[in-house]
There are 2 protein chains.
Amino acid sequence: MTPSPVSDLGGFLKEQRQQAQLSLRQLAERSGISNPYLSQIERGLKKPSGEILQALAKGLRISAEQLYVHAGLLDADPSGGERSALDVRTAIRADPLLTDRQRGVLLDLYASFVDDEPMRSS
Amino acid sequence: MTPSPVSDLGGFLKEQRQQAQLSLRQLAERSGISNPYLSQIERGLKKPSGEILQALAKGLRISAEQLYVHAGLLDADPSGGERSALDVRTAIRADPLLTDRQRGVLLDLYASFVDDEPMRSS
DNA sequence: GCATCTTGCTAACTGCAGCAAGCATACTGT
DNA sequence: ACAGTATGCTTGCTGCAGTTAGCAAGATGC
């Protein structure tokens, strides 16, 4: 975990907590986690799960996504060339108007256009 | 964890894996996790961390956000079904990895699956 | 037929997330 | 002064995430 401001979850948590004028114990109680554990997270000694991050976001009255970004679970800005490839696949797979077979055909065709490795043929 | 399709991570993972025509071991290897663990996740016996979900998304070539939604770490996109059709078209049009010709082929194919009227060629 | 490989799973194990109990220090009220 | 409270942290513990070693069954090639 690099100590850069963007990815420093603990530092960000401490900053948000202080901005909300909450003690470590108050935030821990509001979030439903133990205060020693919160202390360890803020000091970068422990690495919390997504559920703990959700609980902390709730206690801080901020979005969980913000904490996921600092924890490295989400990208800050989703734009970018490589992300677009994932969007097409994601959109096809999520489309309720397509049958499974149609979905497979579209995905295969897309893969043949974009990938070096097409999907395995049955 | 309710067994509804929206929140059933294991079922969703298995479905995506089968759609991608990967064996359990192939996906585990592509994702960099152990195959018994993947088996346990698919059967709902274990609850993976965000990092494992990221790795699985990478192995499946889908967005991690989709898996977070199924794992209950993110809310699903609040827009409705009609939006899905726009998403696939939008995603294809915006994809920088596709040539104009490939884009046209994909859009026409999609339209033939979903619409009665194929896209008019420009 | 047999040998080999693939597949999904079981069982035992290790490391760490997250907790409870409690410490040391600072602050407040009498 | 002292007692009580608040604060952030230390320590030891438990449960579970995630792994390795290996099993049973099915598939494949000779």
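Note on naming: letters A, B, ... go to the chains in the order of the sequence lines (proteins, then strands), and numbering restarts at 1 for each one. Worth knowing before you read on, the calculation uses all heavy atoms, side chains too, and leaves out hydrogens, waters and symmetry mates.
- Taking the side chain as every heavy atom from C-beta outward, Pro48(B) and Ile33(B) never approach each other to under 4.5 Å.
- Note that CD1 of Ile62(B) is 4.5 Å distant from CZ of Phe12(B), once rounded to the nearest 0.5 Å.
- Closest non-hydrogen pair, Asn35(A) versus Ala28(A), comes out as CA-CB, 3.6 Å.
- With sequence neighbours left out, Glu42(A) forms a side chain to side chain donor-acceptor pair (under 3.5 Å) with Arg17(A).
- Listed for the Arg93(A) side chain is no donor-acceptor partner under 3.5 Å among the backbone atoms of Arg89(A).
- Distance alone, capped at 3.5 Å, places no donor-acceptor pair between the Gln19(A) side chain and the Gln16(A) backbone.
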Whether each nucleotide of nucleotides 13-22 of chain C has a protein heavy atom under 4.0 Å at its base (B), only at its sugar-phosphate (S) or at neither (-) is summarised, 5' to 3', as ----SBBBBB
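- In this model, no donor atom of one side chain and acceptor atom of the other lie less than 3.5 Å apart for Arg103(B) and Thr99(B).
- Qualifying side chain to side chain donor-acceptor pair (under 3.5 Å) partners for Gln54(A), counting only residues two or more places apart in sequence or in other chains: none.
- Residues Ile52(A) and Ile41(A) have side chains in contact (heavy-atom distance under 4.5 Å, counting atoms from C-beta outward).
- Listed in residue order, the members of residues 13-21 of chain A having a heavy atom less than 4.0 Å from DNA chain D are Arg17(A).
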Quick one: do Gln102(B) and Val105(B) satisfy side-chain contact (heavy atoms from CB on, under 4.5 Å)? Show the steps, please.
CA-CA 5 Å; Gln102(B) 290 170 339; Val105(B) 169; 5.6 Å; no
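- Between Tyr68(B) and Tyr68(A), the two ring planes are tilted [angle within 30° to 60°].
- Pairing analysis of DNA chain C (Watson-Crick: purine N1 to pyrimidine N3 plus N6-O4 or O6-N4; G-U wobble: N1-O2 and O6-N3; both under 3.5 Å) yields stems of 3 or more pairs at C:1-30 with D:1-30.
- Of all nucleotides in DNA chain D having an atom under 4.0 Å from a heavy atom of chain B, the first and last in 5' to 3' order are dA17(D) to dG22(D).
- Heavy-atom contacts from other residues, nucleotides or ligands closer than 6.0 Å to CD of Glu51(B) number more than 12.
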